[in-house]
Amino acid sequence: MTKSNFITRLPLLLIIAIFIGCVLSGCASKRYMNKALELEKAGLITEAADLYLRSLQANDDNIDSKLGLKRTGQVVLDQKSDEFMAFYRNKQYKEAVYAFLDVEKYHGQVKSFGINLDISENVYSYYQEVKDTYLNEQYGKAINALNTDNFENALSLFDEILKIAPNYRDATKHRTTARYEPVYREGLNFLKTEKNRKAYYAFDEILKNNGEYKEASTFQSEAREKALIRIGIIPFSSYRLSQKNIADEIRTYITSQISRLNSPFYEVVKSTTMNNSDLNYNLLRKLLLNKYESAPRIPSNIDAVLSGKIKDYSSATTPLKKTRRKAWLKESKTLKKEDGTEEKVTEYRKVYYYEYTRKSNFNLSLSYTLTHAQNKSVMVSDVVDKKLEDQVKYAEFDGDHRKLVPGIWYSLTKKSQLDKVYDTPQAVKELHATFESRKELNDSGTLKKQALAELSDEISQKIINYNPEI
């Protein structure tokens, strides 16, 4: 079936699918209803009511099921109401509350199908009485738990209260305290013990989920400022002067990627001083020789210095190579025989086609180090290798390439016993695939962009994942 024919027939298919769905749901509804009638006649009212419900869930237009649920549902609701009253009389306040909630839930479930069951006014009145008594008792327990810093228990109690009565007194405000006060205190403790990143995330949890709570935003800002590492990225070096441009590109990529990751604890500082190649060469040399005292001074607003050096680099794209290849052109002809009958024969003609190949590669090996600006300790150090390559191999023929058959021959004009035709499905498929191969090469420039993006992401992630507090 073509795409256009499929689109044309789509509404019809949709109608058929809907029709089948309706038939199936109608059958299920009827099956549930018939079973419900049997159970109702047998006196199994609760089970019958459940099946009437399932029947309506399959098809809410089933009138017989609605009538059946009206009959049996009222009986079930009355039984649930009786259970509530029994708990009420025995002063089992919690059980009474939850029994009434079950009454209300069932009433709403049945009402969703347009069936309104009756709940006694006495049941509503007694529920308000028992609810007030129970919630007042739970509220007192919750406040006591909150005052004794038993936040987990307080949270559980306030959650229960608000589930039963969403606007009960000031339970919402106290629940906020029960939920976030322990997190707030934990954040303050992290700040005192110089676990600034943990402090930041503690206050961040509060601000994201609740908004402002006490001085959470102020303390979060303080934690971030203390945890922040400002990075100065000096020009990367190389063994050859010709590699300066790629070294500068790597630095630009990494600078951009660290900023793009948007970590709250890392920030790239752009400084004209750090762009001075001579200063950076002396800085690296002094650091490598452990002569920290005589090393050039870096800006005071930089906490760490990122340096890098190209160890190996190559990039190339070969010219397009054109090679003449031999094949056979398969042709079918109809020959008329002497007796007047026709015979189809297959002939193979020697031809040339052209094969094109081209390759590109990009290889880079880079060592990098993130050094603490004050104590000169190494924070992050690694070597990253990137080796990418691409190649294209395709063919062209001045004619219908689908008639080409692979093989070998030794003379375009003369026959030879060494001539071979490989007219097998697999051999022909492989040859034809060459004509359908892609012709666009990812040249070394494209590979370079991909490699630098991957390299900068890998380096940036490793830096971002560095946590001095662990």
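Quick note: residue numbers are just sequence positions, from 1.
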Do [X] and [Y] meet the criterion of a side-chain donor-acceptor pair at a distance under 3.5 Å?
| X | Y | result |
| --- | --- | --- |
| Thr317 | Ser444 | yes |
| Glu212 | Ser217 | yes |
| Asp443 | Thr446 | yes |

Closest heavy-atom contact between [X] and [Y]?
| X | Y | value |
| --- | --- | --- |
| Leu117 | His107 | O-NE2, 2.9 Å |
| Gln57 | Gln109 | NE2-NE2, 4.2 Å |
| Lys333 | Glu347 | NZ-OE1, 3.3 Å |
| Leu370 | Ile231 | CD1-CG2, 4.0 Å |
| Ala304 | Met379 | CB-SD, 3.7 Å |
| Ala49 | Tyr106 | CB-OH, 3.7 Å |

Side-chain ([X]) to main-chain ([Y]) donor-acceptor, under 3.5 angstrom:
| X | Y | answer |
| --- | --- | --- |
| Ser416 | Leu418 | yes |
| His401 | Glu396 | no |
| Lys376 | Gln374 | yes |
| Asn209 | Glu205 | yes |
| Asn465 | Gln461 | yes |
| Asp303 | Arg230 | yes |
| Ser156 | Glu152 | no |

(message) Working note: Leu77 + Gln74, criterion side-chain contact (heavy atoms from CB on, under 4.5 Å); need CA distance, chi angles, decisive distance, verdict.
(response) CA-CA 5 Å; Leu77 190 69; Gln74 186 63 60; 4.2 Å; yes

(request) Give the C-alpha distance, both sets of side-chain angles, the deciding distance and a yes or no for salt bridge (charged side-chain N to carboxylate O under 4.0 Å, His left out) between Glu249 and Lys449. (result) CA-CA 10 Å; Glu249 284 189 75; Lys449 290 180 181 179; over 6 Å; no

Output the distance between atom [atom1] ([X]) and atom [atom2] ([Y]), rounded to the nearest 0.5 Å.
| X | Y | atom1 | atom2 | answer |
| --- | --- | --- | --- | --- |
| Leu447 | Leu452 | CG | CG | 10.5 Å |
| Lys359 | Lys393 | NZ | NZ | 10.0 Å |
| Gln220 | Asn196 | CD | CG | 12.5 Å |

Heavy-atom side-chain contact between [X] and [Y] under 4.5 Å:
| X | Y | result |
| --- | --- | --- |
| Asn467 | Phe265 | no |
| Arg260 | Ser256 | yes |
| Leu364 | Ile250 | yes |
| Ile246 | Phe236 | no |
| Val428 | Pro406 | yes |
| Glu215 | Tyr184 | yes |
| Asp419 | Lys350 | yes |
| Tyr422 | Ile408 | yes |

Basic-acidic side-chain contact under 4.0 Å: [X], [Y]:
| X | Y | value |
| --- | --- | --- |
| Glu181 | Arg185 | yes |
| Arg402 | Glu436 | no |
| Arg349 | Glu331 | yes |

(request) Might you work through the side-chain contact (heavy atoms from CB on, under 4.5 Å) test for Val392 and Ser437, ending with a clear yes or no? (result) CA-CA 8 Å; Val392 291; Ser437 298; over 6 Å; no

(request) Kindly determine whether Lys244 and Asp248 satisfy salt bridge (charged side-chain N to carboxylate O under 4.0 Å, His left out), including the steps that lead there. (result) CA-CA 6 Å; Lys244 182 181 184 303; Asp248 291 340; 2.8 Å; yes

(request) Answer yes if the ring centres of Phe219 and Phe190 are under 6.0 angstrom apart, and no otherwise. (result)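 No, ring centres 6.0 Å or more apart.
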
(message) For Phe362 and Tyr313, I'd like to know if the aromatic rings sit close, meaning centre-to-centre distance below 6.0 Å.
(response)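 Yes - the distance between ring centres of Phe362 and Tyr313 falls below the 6.0 Å cut-off.
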
(request) Mind jotting down which residue pairs meet the ring-ring contact (aromatic ring centres under 6.0 Å, His included) criterion with at least one end in residues 339-361? Sequence neighbours excluded, please. (result)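 Counting only pairs at least two positions apart or across chains, the ring-ring contact (aromatic ring centres under 6.0 Å, His included) contacts touching residues 339-361 are Tyr352-Trp409, Tyr353-Phe435, Tyr356-Tyr394.
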
(message) Test of understanding: with side chain to side chain donor-acceptor pair (under 3.5 Å), list the residues that count as partners of Gln391, not counting sequence neighbours.
(response)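 Listed in chain order: nothing, the list is empty.
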
(request) Report the C-alpha separation of Asp50 and Arg54 in whole Å, then their side-chain angles, then the decisive distance to 0.1 Å, and conclude whether the side-chain contact (heavy atoms from CB on, under 4.5 Å) test is met. (result) CA-CA 6 Å; Asp50 180 61; Arg54 294 176 68 178; 3.8 Å; yes

(request) For side-chain contact (heavy atoms from CB on, under 4.5 Å), just list the numbers for Leu329 and Leu404, CA-CA rounded to whole Å, side-chain angles, deciding distance to a tenth of an Å, and then say yes or no. (result) CA-CA 5 Å; Leu329 186 64; Leu404 290 181; 3.9 Å; yes

(request) For residues 305-326, pull every pair meeting salt bridge (Lys or Arg N to Asp or Glu O under 4.0 Å), keeping only residues two or more places apart or in separate chains. (result)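 Non-adjacent pairs meeting salt bridge (Lys or Arg N to Asp or Glu O under 4.0 Å): Arg325-Glu355.
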
(request) Please report the C-alpha distance between Lys198 and Glu186 in whole Å, then the side-chain angles of each, then the deciding distance to 0.1 Å, and finally whether the salt bridge (charged side-chain N to carboxylate O under 4.0 Å, His left out) criterion is met. (result) CA-CA 9 Å; Lys198 289 185 176 181; Glu186 185 178 47; over 6 Å; no

(request) Report the C-alpha distance between Asn363 and Ser314 in whole Å, list the side-chain angles of each, state the deciding distance to 0.1 Å, and finish with yes or no for side-chain hydrogen bond (donor to acceptor under 3.5 Å, both in side chains). (result) CA-CA 5 Å; Asn363 299 318; Ser314 64; 3.3 Å; yes

(message) I need the single residue from Lys66, Lys35, Glu40 that forms a side chain to side chain donor-acceptor pair (under 3.5 Å) with Tyr52. Which is it?
(response)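 Passing option: Glu40.
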
(message) Please identify which of these residues, Thr255, Leu261, Ile254, meets the side chain to side chain contact (heavy atoms under 4.5 Å, CB included) condition with Gln257.
(response)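 With Gln257 as partner, side chain to side chain contact (heavy atoms under 4.5 Å, CB included) holds for just one option, Leu261.
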
